[in-house]
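These notes concern the structure reproduced below.
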Amino acid sequence: MKTTFLTLALLFSLTVFTSCREEKTADEKVEAAINDIGEDLENASDDVQDAVEDVNDEIEDATEDMKED
């Protein structure tokens, strides 16, 4: 009896959670995709900037080492 009740409760809760999802329109999907692309571009830009700073630091370290020799 308990397992039947728990099974029915689980099926009911899964039905409620999956059927209450809000459907997105095509415009909303496009807007979400554009926002995702914008965030990805920002992250890529930050990564490039970090890489450039790392290269500049390595160049400065190398020139200092050459001056010491």
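Hydrogens, waters and symmetry mates play no part in the numbers below; they use all other heavy atoms, side chains included. The first residue in the sequence is number 1, and the count goes up from there.
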Expected list for residues 29-39: side-chain donor-acceptor pairs under 3.5 angstrom, two or more places apart:
| from | atom 1 | to | atom 2 | distance (Å) |
| --- | --- | --- | --- | --- |
| Asn35 | ND2 | Glu31 | O | 3.4 |

Query - Interatomic distance, Thr3 atom OG1 to Leu8 atom CG [nearest 0.5 angstrom] - result: 9.5 Å

**Report entry** By side-chain contact (heavy atoms from CB on, under 4.5 Å) - contacts of Val52 (at least two apart)
**Finding:** Val48, Asn56

Report summary line: Interatomic distance, OG1@Thr4 vs CG@Leu6, rounded to 0.5 Å, equals 9.0 Å

Query - side-chain contact (heavy atoms from CB on, under 4.5 Å) involving Glu53 - partner list, sequence neighbours excluded - result: Gln49, Asp50

Requested in this report: Apply side-chain contact (heavy atoms from CB on, under 4.5 Å) to Ser45 and list each qualifying residue two or more places apart in sequence or on a separate chain.
Outcome: none

Query raised in the report: In the hydrophobic cluster built from side-chain contacts under 4.5 Å, what are the other members alongside Ile59?
Result: Val55

